[in-house]
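This report refers to the structure that appears directly beneath it.
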Amino acid sequence: MKTLKIRDLTLRDGQQSSFATRMRQEQIDRVLPFYKDANFYAMEVWGGAVPDSVMRYLGENPWTRLETIHQAVGDVSKLTALSRGRNLFGYAPYTDEIIEGFCRNAIQSGLGIMRIFDALNDVDNVKSTIKYVKQYGGIADCAVCYTIDPKYPKLSFMDRLRGKKNPKPVFTDDYFVDKAKQMAALGADMITIKDMSGLIPPARVYNLVKLFKQNISIPVDFHTHCTPGYGLASVVSAIAAGVDIVDTNIWNFAGGPAAPALELIYIFCQKLGVALDVNMEAVAKINAELLGIRKELDAYDAVKQFPNPFNPLTDTLPAEIEAEFDRAVKAAREVDEATLVDACHKIEAYFNFPAPDERVKNAEIPGGMYTNMVAQLKALKNEEILPEAMKLIPVVRLAAGLPPLVTPTSQIVGAQAVNCAMDLKNGKPMYSNKSVQFVGLVKGEYGHTPVEVDPEFRLKIAGVREMTPYDTSKYQMQPNPTLDECGGVKLAENEKEVLLLELFPLVAKDYLTKTKCAAWQAKESKRVAEEAAENAARAAQEEASKPKAEPITGYAIESPLPGTVLEVKVKPGDKVAVGQELIVLEAMKMENVVDSNIAGVVKRVFVQAGQVVAAGEAMIEFE
């Protein structure tokens with residue numbers, strides 16, 4: 001009997017997909033004793049948004065999270081993390097020195113598997129990480145990012161008469177198999193078919209798994225999400241095709257924007273004659289804790305729809321749902337996609353998992369990309385041009401070399417499609433407004449795109465005709481000052497802290513400063529504490545005596561999203577035209593330019609460089 005291995009995503013991708021990565025260490029500690037007994041092959045607990053979020057929102061140390069989980073679970077399950085190859089967690093490539101230090105420290109802290117992907121599927125971008133992960137005893141899991149060819153605009157009769165044709169498909173089975181073979185040749189220990197958007201249908205993944213197993217000799221993992229409605233059916237199809245490992249979440253953290261539920265996969269495996277080497281009794285104990293934790297995370301719950309309680313070890317399925325499982329298994333074996341998807345939808349509906357997001361399914365773009373575009377247009381008060389922006393996605397994507405739609409290229413392409421739609425609305429040529437990241441993508445700073453960028457287009461966008469890779473030789477380490485106000489300690493006192501500062505400059509600087517100052521203050525004498533209290537009281541008194549701020553009476557430009565102000569381009573008294581750049585805002589490592597949607601004279605500027613702003617916060621007032 002074949003044994004299927006399970007990579008549990010609950011503590012990283014699961015909570016990131018559904019709860020904005022807000023699980024605190026205390027909440028994680030509550031489930032770790034049961035994880036030690038669960039016997040998962042692997043647990044994804046780190047990487048992705050975890051290091052950034054635990055510092056930014058929770059005031060916790062990312063390295064401590066990894067080390068604490070390893071201490072609790074030991075070597076029962078391999079701990080895994082997600083990284084972006086040469087880019088690690090950012091967008092610009094890092095030097096080998098940084099990549100080496102990161103891999104070494106991660107593995108020494110308990111990491112067993114590093115899942116390495118590149119947003120362009122550029123194999124050159126994963127070489128260094130493979131090398132260092134293996135050098136320090138880790139397992140290199142190389143991910144091939146699944147994506148699809150865009151739906152190009154339908155050609156008119158005259159276009160066809162002139163011989164015009166839409167581009168040939170690029171993302172064929174041969175394309176993905178070739179990428180897997182290249183990564184295996186570089187030393188990958190396993191290959192993941194990484195479907196971040198949940199767009200891979202069951203028949204396609206069945207064929208890909210078969211082809212991967214025929215062409216490479218290392219284990220194959222399958223990762224997907226349930227957003228458009230293929231997730232569960234595609235995982236079942238991958239198992240039927242002989243995949244070695246699948247990624248799942250535990251019941252109360254599964255479905256919707258996350259991966260399918262392990263408990264459903266357990267039932268399918270029983271019916272498919274596939275063994276699962278997982279202790280489902282321990283999984284039930286984890287799930288009981290997750291129910292309470294999910295309620296505590298209500299403010300961040302992306303779905304707010306709980307699945308009905310279920311334990312496959314103790315609960316009996318009604319006959320009609322048992323029949324749907326059997327129907328799905330038969331369809332998976334026969335590669336009957338329509339029947340398999342229909343049966344899985346009925347099963348998920350019975351258990352009250354979220355219904356498929358038809359908008360994402362029909363748009364054939366990642367859910368996060370779609371919602372980002374909607375939010376961007378809403379902030380610009382131009383929601384009506386969403387259809388035009390959606391039509392421009394294939395055009396922008398092809399012009400930029402047809403990058404896969406995965407973080408960060410999905411956001412870059414989506415934001416540029418919105419910019420182009422705004423350009424056309426305002427009577428300007430497309431690409432009149434372009435983001436720094438789009439320029440870098442077209443220039444070649446992110447690596448080789450699947451399709452060559454037209455040199456003339458590159459010249460127009462980036463000022464050069466030839467592909468120009470990012471020059472890491474000019475890389476400069478982040479400043480590491482002495483904190484005189486905190487006892488004279490260095491901002492980053494060891495290599496792990498230096499790495500945090502390099503990988504997450506703004507967030508780590510704030511986190512480390514607060515941490516060091518808190519530690520110093522804890523050691524201060526009673527005199528210092530009393531002095532601080534006196535200063536605080538004095539400050540409060542001064543604040544109370546300040547005249548109340550003048551209310552906003554003119555037109556206010558508000559922050560479209562939470563972030564950090566990088567640059568303010570106007571001052572009081574300036575005359576501003578419609579579309580003029582006002583502020584550059586950094587959010588999740590992306591630079592966003594806030595333009596003026598009115599013409600007028602600046603009355604007041606409420607923000608300055610380095611200031612953190614909330615969504616909807618007033619930044620500039622016009623007379």
Side-chain angles (χ1 to χ4, degrees), residues 20-27 29 51-65 68 296-300 478-494 496-498 500-501 504-553 556-559 561-568 571-572 583 585-588 603-621:
T21 326
R22 290 302 206 282
M23 279 189 82
R24 303 185 304 275
Q25 186 66 51
E26 171 271 325
Q27 292 170 322
D29 289 343
D52 181 296
S53 291
V54 299
M55 288 190 291
R56 185 190 297 261
Y57 302 115
L58 308 179
E60 296 178 3
N61 189 315
W63 295 107
T64 301
R65 172 157 299 194
T68 302
E296 293 166 10
L297 296 171
D298 178 69
Y300 310 105
Q478 293 294 319
N480 186 14
T482 298
L483 301 176
D484 294 328
E485 71 279 18
C486 299
V489 298
K490 297 289 284 185
L491 178 62
E493 296 180 277
N494 55 51
K496 288 181 178 177
E497 291 180 346
V498 168
L500 293 179
L501 202 55
F504 313 96
L506 292 173
V507 175
K509 179 183 178 182
D510 182 63
Y511 164 74
L512 290 172
T513 300
K514 289 179 180 176
T515 301
K516 298 303 165 65
C517 288
W520 166 252
Q521 289 165 2
K523 296 175 183 177
E524 283 289 79
S525 65
K526 184 179 180 181
R527 178 192 61 79
V528 174
E530 290 173 350
E531 184 179 331
E534 291 174 5
N535 290 339
R538 190 179 304 113
Q541 187 176 2
E542 291 173 356
E543 184 65 27
S545 64
K546 288 181 180 178
K548 291 185 178 180
E550 179 188 341
I552 296 174
T553 56
I557 297 291
E558 299 177 343
S559 175
L561 67 175
T564 302
V565 176
L566 294 181
E567 183 182 359
V568 179
K571 62 185 184 300
I583 285 173
L585 196 64
E586 183 273 335
M588 293 303 287
K603 180 180 179 182
R604 287 187 292 175
V605 177
F606 301 116
V607 297
Q608 59 186 359
Q611 182 176 335
V612 175
V613 295
E617 182 174 335
M619 299 192 294
I620 292 174
E621 180 186 10

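All heavy atoms count here, side chains included; hydrogens, waters and symmetry mates do not.
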| said: If you apply the rule side-chain contact (heavy atoms from CB on, under 4.5 Å), what do you find for Gln478 with Leu491, and how did you get there? | reply: CA-CA 11 Å; Gln478 293 294 319; Leu491 178 62; over 6 Å; no

| What's the verdict on side-chain contact (heavy atoms from CB on, under 4.5 Å) for Met55 and Leu512, showing C-alpha distance, side-chain angles and the deciding distance? | CA-CA 9 Å; Met55 288 190 291; Leu512 290 172; 5.9 Å; no

| query | Step by step, would you call Val54 with Asn61 a side-chain contact (heavy atoms from CB on, under 4.5 Å)? | reply | CA-CA 7 Å; Val54 299; Asn61 189 315; over 6 Å; no

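Between Ile620 and Phe606, the shortest heavy-atom distance links the atoms N-CD1, 4.0 Å. The two residues Ser559 and Val613 have their closest heavy-atom pair at OG-CG2, 3.6 Å. The two residues Trp63 and Lys496 have their closest heavy-atom pair at NE1-O, 3.1 Å. Taking every heavy atom of both residues into account, Ala492 and Leu501 meet most closely at CB-CD2, 4.3 Å. Of all the heavy atoms in Phe504 and Pro51, the pair that sits closest is CZ-CB, 3.5 Å. The minimum heavy-atom distance between Leu585 and Gly563, with the atom names listed, is CD1-C, 4.2 Å.
Panel note: side chain Tyr300, backbone Thr21; no donor-acceptor pair is recorded below 3.5 Å.
Taken to the nearest 0.5 Å, the CG atom of Leu483 stands 10.5 Å off from the OG1 atom of Thr515. Annotation: the span from Arg22 atom CZ to Glu296 atom CD amounts to 15.0 Å, rounded to 0.5 Å. To the nearest 0.5 angstrom, Leu561 atom CG is 9.5 Å from Glu586 atom CD. Summarising the geometry, atom CD belonging to Glu493 is positioned 10.0 Å from atom OG1 belonging to Thr482; distances are rounded to the nearest 0.5 Å.
Using a 4.5 Å heavy-atom threshold, the side chains of Arg604 and Ile552 count as touching. Side chains of Lys603 and Thr553 form a contact here, defined as non-hydrogen atoms less than 4.5 Å apart. Between Val565 and Gln608 the shortest side-chain heavy-atom distance does not fall below 4.5 Å.
For Lys509, the NZ atom sits in a loose shell: 12 or fewer heavy atoms of surrounding residues, nucleotides or ligands are nearer than 6.0 Å.
With sequence neighbours excluded, the residues forming a salt bridge (charged side-chain N to carboxylate O under 4.0 Å, His left out) with Glu497 are Lys516, listed by chain and number.
Checked for salt-bridge contact, Arg65 and Glu60 meet the test: a charged N lies under 4.0 Å from a carboxylate O.
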